[in-house]
Amino acid sequence: MERLTSPARLMIVSDLDHTMVDHHDPENLSLLRFNSLWEHAYRHDSLLVFSTGRSPTLYKELRKEKPLLTPDVTIMSVGTEITYGNSMAPDHGWVDALNHKWDLGVVKEETGKFSELTLQAETEQRPHKVSFYVDKSKAQEVAKELSQRGGMDLDILPQGAGKGQALAYLLKKLKSEGKLPVNTLACGDSGNDAELFSIPDVYGIMVSNAQEELLKWHAENAKNNPKVIHAKERCAGGIIQAIGEFKLGPNLSPRDVSDFLECKVENANPGHEVVKFFLFYERWRRGEVENSEAYAASLKASCQPGGVFVHPSGAEKSLVDTIDELRKHHGDKQGKKFRVWVDQVLATETAPGTWMVKLDKWEQSGDERIGCTTTVKFTAKEGEGLVWEHEGEGLVWEHVEQTWSEESKLKDDSSWII
Ligand code: GLC
Ligand code: MG
């Protein structure tokens, strides 16, 4: 969070399963739409928070299965574990707060008395969370006796824990640092997300596919709160819709723009140039854009003639040759479930008119995923000063360098173009 020196323009706090992630969409389209919107318009001045019931183990599994972005804050195990940044550094203050009046031994002993409860997997038992499966018909009764909420999953947490309390704690912490986000949007689909919507001043969106238990909670508790809506779209599509309805900022995903040459930018950032390029790259290899001279010419026109690309294998090539290479691959991924997304796109102005954009670029082909840390050096076109603020065309690609991400090291690199 130190990344931002001033309050975030928007903080999105989203549940994962059936909210950010649509398990019924093998193409992950709404998630990919959200990803490019976030990297294009929000990453540089906003905060992304995932809040999931999953333990760190199951969260990491989901990251391998789905094209999830890297959040600034990860709240796991139903609000009982808060971590920061890429290294997922734990919040020890929160651990101390939860330890208060919590005795794991007593919880295990008391719950052991209920034959209706079946313990969940070992990975889901955490220092401040004991989780069971319970038959829906018995859930209410058992939950009442244990004075906890019920569902198909039953989580026993310390008093003062839960997704809502974790968010309240995070907001308080940000406020104490003078970085209370300008707007916060909470997103969810099920019962344990309800508390997210009870935090004062927070906008809330229940995705269209929200579960009955959440809708019921809403009807009984938040029906007259105009800050909470039930979206018309599923999962991440609903989040994009809510950003628009609450007027929290741009909500046109670059993925929804069919001709990238036409894609004009409000609130621009040099990072947008990269988001746009890799989207074009995906469409080019999927054969969704025409194999036309105009595209190649436009790409070449935005490269410095002597510009170099350092391939992750270490081989060097001119940028112009790289575009020629790309031309040969038009449509080669047609019908191959090929997707490209970028993560953590961050631009720094290193000198007046010069930007370094750093990002992770991911490529998925069928079940295989490879990624590269990418650095792009841009300069403003001579005589055009800061025109990039209005038109991407004011920027020149000077140098591109890539190195394999940790997970991609042992993979075959012969098919990686850029
Ligand atoms: C996730 C967790 C599980 C928990 C459920 C509901 O599925 O893995 O332990 O019971 O969320 O909070
Ligand atoms: Mg969910």
Side-chain angles (χ1 to χ4, degrees), residues 12-25 28 30-31 34 48-66 68 71 74-83 98 104 107-108 111 114 116-136 138-140 142-143 146 148-159 161-167 185-197 204-218 228 230-231 233-239 242:
I12 284 195
V13 183
S14 180
D15 168 54
L16 295 176
D17 295 290
H18 309 288
T19 302
M20 192 55 89
V21 172
D22 189 345
H23 288 286
H24 296 287
D25 175 17
N28 304 307
S30 59
L31 179 55
F34 174 83
L48 183 61
V49 181
F50 288 161
S51 182
T52 177
R54 291 183 179 234
S55 62
T57 308
L58 288 192
Y59 167 63
K60 284 170 193 160
E61 269 179 33
L62 186 67
R63 293 192 65 79
K64 286 196 196 127
E65 290 161 21
K66 296 285 173 183
L68 284 168
T74 318
I75 303 177
M76 292 161 292
S77 310
V78 203
T80 62
E81 299 183 64
I82 303 180
T83 68
L98 295 185
L104 195 58
V107 173
K108 285 189 172 158
T111 48
F114 292 85
E116 301 91 330
L117 298 179
T118 314
L119 210 56
Q120 290 183 11
E122 194 54 46
T123 60
E124 300 317 281
Q125 312 305 333
R126 305 294 300 159
H128 299 100
K129 168 175 168 285
V130 183
S131 293
F132 302 90
Y133 296 117
V134 59
D135 198 85
K136 215 167 185 173
K138 309 218 176 86
Q140 290 296 331
V142 178
L146 285 167
Q148 290 288 328
R149 298 167 315 269
M152 305 280 262
D153 299 314
L154 184 79
D155 304 317
I156 314 286
L157 314 173
Q159 225 169 42
K163 287 188 174 189
Q165 292 308 313
L167 172 57
L185 174 64
C187 322
D189 77 297
S190 78
N192 69 14
D193 299 317
E195 357 178 298
L196 289 174
F197 307 134
I205 173 251
M206 305 182 289
V207 289
S208 68
N209 50 295
Q211 285 177 24
E212 206 41 56
E213 55 180 5
L214 181 61
L215 297 176
K216 190 163 169 259
W217 170 86
H218 178 252
V228 178
H230 185 194
E233 289 189 50
R234 289 180 61 79
C235 302
I239 303 177

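Start at 1 and go down the list; that is how both ligands and their atoms are numbered.
Among the backbone and side-chain atoms of Asp193, no N/O/S atom is found under 2.8 Å from the Mg ion (ligand 2).
For ligand 1, the atoms closer than 4.0 angstrom to any heavy atom of Asn192 are 6 (C), 12 (O). The Val78 neighbourhood of ligand 1 comprises atoms 12 (O), with distances under 4.0 Å to a heavy atom of that residue. Every atom of ligand 1 is numbered from 1 in the order shown, and the set under 4.0 Å from a heavy atom of Ser131 is 9 (O), 10 (O).
Atom OG1 of Thr80 and atom NZ of Lys163 lie 11.0 Å apart (nearest 0.5 Å). One distance of note links CG of Asp193 with CD1 of Ile205; it measures 10.5 Å at 0.5 Å rounding. Atom OG1 of Thr118 sits about 9.0 Å away from atom CZ of Phe132, to the nearest 0.5 Å. The distance from atom CD1 of Ile156 to atom CD of Gln125, rounded to the nearest 0.5 Å, is 10.5 Å. Once rounded to the nearest 0.5 Å, the distance linking CG of Asp15 with CZ of Arg54 reads 9.5 Å.
Using a 4.5 Å cut-off on side-chain heavy atoms (C-beta onward), Ile239 and Ser14 make contact.
For Asp17, the N, O or S atom closest to the Mg ion (ligand 2) goes by the atom name O. For Asp189, the N/O/S atom at the shortest distance from the Mg ion (ligand 2) is named OD1. Taking the Mg ion (ligand 2) as reference, the nearest N/O/S atom within Asp15 carries the name OD2.
Of the N or O atoms in Arg54, none lie within a sub-3.5 Å distance of an N or O in ligand 1. Taking only nitrogen or oxygen atoms, main chain and side chain alike, Lys129 reaches within less than 3.5 Å of ligand 1.
A pairwise comparison of heavy atoms in Ser77 and Lys129 identifies O-CD, 3.5 Å as the closest pair.
Closest to atom 3 (C) of ligand 1 among all protein heavy atoms lies Gln120 OE1, 3.1 Å. In terms of protein heavy-atom proximity, atom 5 (C) of ligand 1 is nearest to Asp153 OD2, 3.5 Å. With hydrogens left out, the protein atom closest to atom 10 (O) of ligand 1 is Asp155 OD1, 2.5 Å, a heavy atom. For atom 2 (C) of ligand 1, the nearest non-hydrogen atom of the protein is Gly53 O, 3.2 Å. With respect to atom 8 (O) of ligand 1, the closest heavy atom belonging to the protein is Glu124 OE1, 2.6 Å.
In this structure, Tyr59 and Phe50 have perpendicular ring planes: the angle between them is above 60°, well past the 30° mark.
For the pair Asp25 and Arg234, the salt-bridge criterion is not met [side-chain N within less than 4.0 Å of a carboxylate O].
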